[in-house]
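Worksheet: the structure to be examined is printed underneath.
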Amino acid sequence: MRHVLRVFVAVTTVLTVASPASAGPVHSATNDRAFVEQMLYATPIARFVASVGSDTWFDWSTDFCSAPLVGNTGRSFNFTEPCRRHDFGYRNLRLLERHYGIDYWNATERRRVDQQFLADMKRHCWSRPWYDEPTCLAWAATFYSAVRLVGGN
C-alpha cells in the first residue's frame, strides 16, 4: 500500500508541475501585444495600477514623468498613475519590438500612447475639486505637449 501511495504522490506531483495552469502565461507576439493593448487602452487606471507587476516578463518600471521642475504632482494635480501607464506603454512597445522584431514602436503607436496619457490625466483632473480642475487641465496639456515635443511629435 505504501508503494502505491508513493507512486500516486509522484505521478500527481509530476502532472501538477507539467500542467499548463502552473506554467504561467504563454508569451508570443500576439499574446504579448494583446496584453499591452489591454493594459493601455481597455483597463481602467485603478485596475492597471493594481495589476502592476502581475507578469514579470513585462517592464513595469517607471520614472513617474520625470518632469524636472514640477515632478508628477502639484497642488492641483497628481499624475502619478497616468505617468506609470505612459511609461508602461513606451517601455513595453519597445520591448515587444526588440523581442519579436516587429514594428511595434513607431510614430502612430507613440501618438496613441501619448493620447491615452492625456486622457488619463484629464480623467484625473475631472475628479479634482471644481476650483482645481482648470489648473489641472492646463498642467495635463503641458505634460502632453512636453512628451510630444521631446519625442518629436
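Ring planes of Phe143 and Trp139: perpendicular class, angle over 60° (limits at 30 and 60°). Between Phe48 and Trp60, the angle of the ring planes lies from 30° to 60°, which puts this pair in the tilted group. Phe88 and Phe58 have tilted rings, their planes meeting at an angle from 30° to 60° on a 0 to 90° scale.
The shortest side-chain heavy-atom distance between Thr73 and Phe64 does not fall under the 4.5 Å cut-off. Looking at heavy atoms from C-beta onward, Phe79 lies in side-chain contact with Cys136 at the 4.5 angstrom threshold. Between Cys83 and Thr80, the closest side-chain pair of non-hydrogen atoms is not below 4.5 Å. Proximity of Val49 to Arg85: side-chain heavy atoms (C-beta onward) are nowhere separated by under 4.5 Å.
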Does the pair His124 and Phe77 meet the rule for a ring-ring contact (aromatic ring centres under 6.0 Å, His included), with working shown?
CA-CA 8 Å; His124 166 74; Phe77 67 94; 7.7 Å; no
Is there a salt bridge (Lys or Arg N to Asp or Glu O under 4.0 Å) between Glu109 and Arg33? Walk through the geometry before answering.
CA-CA 12 Å; Glu109 291 303 317; Arg33 174 60 188 242; 3.2 Å; yes
Please walk me through it: do Asp114 and Arg111 pass salt bridge (Lys or Arg N to Asp or Glu O under 4.0 Å)?
CA-CA 5 Å; Asp114 292 348; Arg111 180 177 296 280; over 6 Å; no
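Defined by atom type and a distance below 3.5 Å, a donor-acceptor pair is missing between the side-chain atoms of Asp59 and Tyr90. Between the side chains of Arg94 and Tyr104, no donor-acceptor pair of N or O atoms lies under 3.5 Å. In this model, no donor atom of one side chain and acceptor atom of the other lie less than 3.5 Å apart for Arg128 and Ser76. Using modelled atom types and a 3.5 Å distance limit, the side chains of Asp87 and Thr62 yield a donor-acceptor pair.
Using a 4.5 Å cut-off between side-chain heavy atoms of Ile, Leu, Val, Met, Phe, Trp and Tyr, with links allowed through other members, Trp126 and Leu118 fall into different hydrophobic clusters. Using a 4.5 Å cut-off between side-chain heavy atoms of Ile, Leu, Val, Met, Phe, Trp and Tyr, with links allowed through other members, Ile45 and Leu137 fall into different hydrophobic clusters.
Under a cutoff of 6.0 Å and an axis angle of 45°, Arg112 and Tyr41 form a cation-pi pair.
Across every non-hydrogen atom of Met39 and Ser51, the tightest pair is SD-CB, 4.1 Å. The minimum heavy-atom distance between Ser28 and Asn31, with the atom names listed, is OG-N, 3.1 Å. The two residues Glu97 and Trp105 have their closest heavy-atom pair at OE1-N, 2.8 Å. The nearest pair of heavy atoms linking Ser54 to Phe35 is OG-CZ, 4.1 Å. The two residues Ala140 and Met121 have their closest heavy-atom pair at O-CE, 3.3 Å.
Here Leu93 contributes atom CG and Leu40 contributes atom CG; the two are 6.5 Å apart, rounded to the nearest 0.5 Å. Note that the CD atom of Gln115 and the NE2 atom of His86 stand 10.5 Å from one another [nearest 0.5 Å]. Summarising the geometry, atom NE2 belonging to His99 is positioned 8.5 Å from atom NE2 belonging to His27; distances are rounded to the nearest 0.5 Å. Remark: Asp55 CG to Asn92 CG distance equals 9.5 Å, nearest 0.5 Å. Going from atom CD1 of Ile102 over to atom OG1 of Thr30 covers 7.0 Å, rounded to the nearest 0.5 Å.
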